[in-house]
Amino acid sequence: MKAVYNLMSFAAALAMIIVLLITSVELVAYYEPGFYEREYRKYKVQEDVKMEMADILYVTDEMMDYLKGYREDLVVETRVDGEAREFFNDREKAHMADVRTLFLGGIRLRRYMLLLAVFCIGTLISMEEETAKRISRAYLIACGCFLAAVLGLTFYLSRDFTRGFTQFHHIFFDNDLWLLDPKTDLLINILPEGFFVDIAVHIGLVFGFLLLVFAAASAACLIVQKVKMNKNDKKQ
């Protein structure tokens with residue numbers, strides 16, 4: 001049974017790490033205060049799209065609502081170069097529909113991973129007394145493995161982000177709608193490659209912080225368990 005307990009512990013730990021990763025993406029993409037405006041000013045997108053910052057931020061808010069499933073279409077009216085028009089063209093709408101599917105799929109995956117973690121932990125609690133110790137150890141091992149993979153990916157992307165960005169799209173999209181033209185597609189002008197570099201860094205920092213918080217809690221749990229064992233040994 002020990003092997004089963006270890007497998008369930010590792011599954012719970014890995015599931016929690018995936019939950020933290022998806023949560024990190026959500027926090028930065030949807031909820032980091034002022035992130036988009038800072039990026040737009042950094043890359044001077046107002047000049048590229050000939051729009052006021054307030055209008056760009058309005059379009060962004062509507063786009064985020066669409067990705068979160070709060071609205072059913074991307075018919076967003078705004079002003080470009082002083083003229084009223086829709087911001088998104090048909091190609092951009094089709095691509096963002098794919099992105100929305102990916103984002104909502106990630107939210108569903110997080111829900112499933114959380115349920116898996118709760119199931120495994122609950123089952124372990126009902127079957128043995130050292131669940132906290134076993135889960136903490138499994139989390140630290142899984143965290144180490146995941147961090148090694150993330151560092152490897154970071155090194156790979158740092159050498160050629162464009163290649164990695166392109167491969168990401170080939171993996172997650174089965175069409176070429178993501179290949180936008182700056183001359184005709186406004187979306188690529190407000191979200192240049194540098195934006196994606198920055199958001200990846202922010203996500204990595206938030207994810208790293210959450211991993212370390214849980215790692216510290218796991219290490220503290222193991223230390224407490226060890227102290228208790230030492231005290232019991234002395235009493236005997």
Side-chain angles (χ1 to χ4, degrees), residues 15-46 48-49 51-78 86-89 91-118 146 150 153-154 157 161 164-165 168-169 171-173 177-178 180 185-214:
M16 283 306 302
I17 290 174
I18 294 174
V19 168
L20 294 178
L21 175 59
I22 296 173
T23 299
S24 300
V25 174
E26 182 183 36
L27 288 174
V28 176
Y30 295 154
Y31 302 115
E32 183 174 337
F35 175 74
Y36 287 92
E37 183 173 0
R38 291 194 302 272
E39 290 295 299
Y40 295 155
R41 294 192 186 282
K42 177 179 179 180
Y43 294 105
K44 301 178 180 178
V45 301
Q46 289 170 275
D48 295 327
V49 296
M51 292 173 62
E52 297 295 326
M53 180 59 72
D55 291 328
I56 300 175
L57 292 176
Y58 166 73
V59 169
T60 302
D61 288 341
E62 296 303 304
M63 179 172 65
M64 292 298 106
D65 283 346
Y66 174 74
L67 293 178
K68 287 184 281 188
Y70 295 166
R71 58 175 295 163
E72 292 304 316
D73 60 55
L74 265 181
V75 179
V76 181
E77 298 287 343
T78 187
E86 275 191 52
F87 183 87
F88 299 97
N89 61 33
R91 185 179 182 86
E92 291 168 319
K93 289 176 183 176
H95 174 55
M96 292 307 293
D98 291 339
V99 175
R100 171 184 160 116
T101 298
L102 184 64
F103 272 48
L104 294 180
I107 298 301
R108 286 194 297 272
L109 176 61
R110 179 176 62 181
R111 190 178 303 124
Y112 297 148
M113 291 297 101
L114 189 57
L115 288 174
L116 174 62
V118 170
F146 215 88
V150 169
L153 178 61
T154 301
L157 292 177
F161 183 84
F165 189 65
F168 168 87
H169 282 80
I171 292 171
F172 289 100
F173 301 105
L177 293 172
W178 59 276
L180 301 177
D185 306 315
L186 294 177
L187 181 60
I188 193 65
N189 287 298
I190 67 170
L191 301 177
E193 184 176 292
F195 166 85
F196 291 101
V197 174
D198 294 343
I199 199 171
V201 170
H202 279 237
I203 291 170
L205 291 174
V206 173
F207 181 49
F209 173 75
L210 293 177
L211 282 181
L212 289 176
V213 168
F214 277 76

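Remember, predicted model here, so these are calculated numbers, not experimental data. Values below: all heavy atoms of this structure, side chains included; hydrogens, waters and symmetry mates excluded.
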Partners of L104 by side chain to side chain contact (heavy atoms under 4.5 Å, CB included), sequence neighbours excluded? R100, R108
Sequence neighbours left out, what passes side chain to side chain contact (heavy atoms under 4.5 Å, CB included) with L211? Give chain and number order. I17, L20, Y139, C143, L147, F207
Taken to the nearest 0.5 Å, the spacing of M63 CE from Y36 OH works out to 6.0 Å
Assess whether atom CZ of F209 is packed by more than 12 heavy atoms of other residues, nucleotides or ligands within 6.0 Å. no
Would you mind reporting whether D55 and V59 have side-chain heavy atoms less than 4.5 Å apart? no
Side chain to side chain donor-acceptor pair (under 3.5 Å): which pairs involve residues 195-204, sequence neighbours left out? E32-H202, K42-D198, Y43-D198
With sequence neighbours left out, what residues match F196 under ring pair (Phe, Tyr, Trp, His ring centres under 6.0 Å)? F165
For F88, the option from V75, D73, L74 that meets side chain to side chain contact (heavy atoms under 4.5 Å, CB included): L74
Taking only residues two or more places apart in sequence or in another chain, which ones pass side chain to side chain donor-acceptor pair (under 3.5 Å) with T78? none
Output every pair passing side chain to side chain donor-acceptor pair (under 3.5 Å) with a member in residues 187-197, not counting sequence neighbours, ordered by first then second residue. T162-E193
With a 4.5 Å cut-off on side-chain heavy atoms, are F87 and M51 touching? yes
Would the number of heavy atoms belonging to other residues, nucleotides or ligands and lying under 6.0 Å from OH of Y30 be above 12? yes
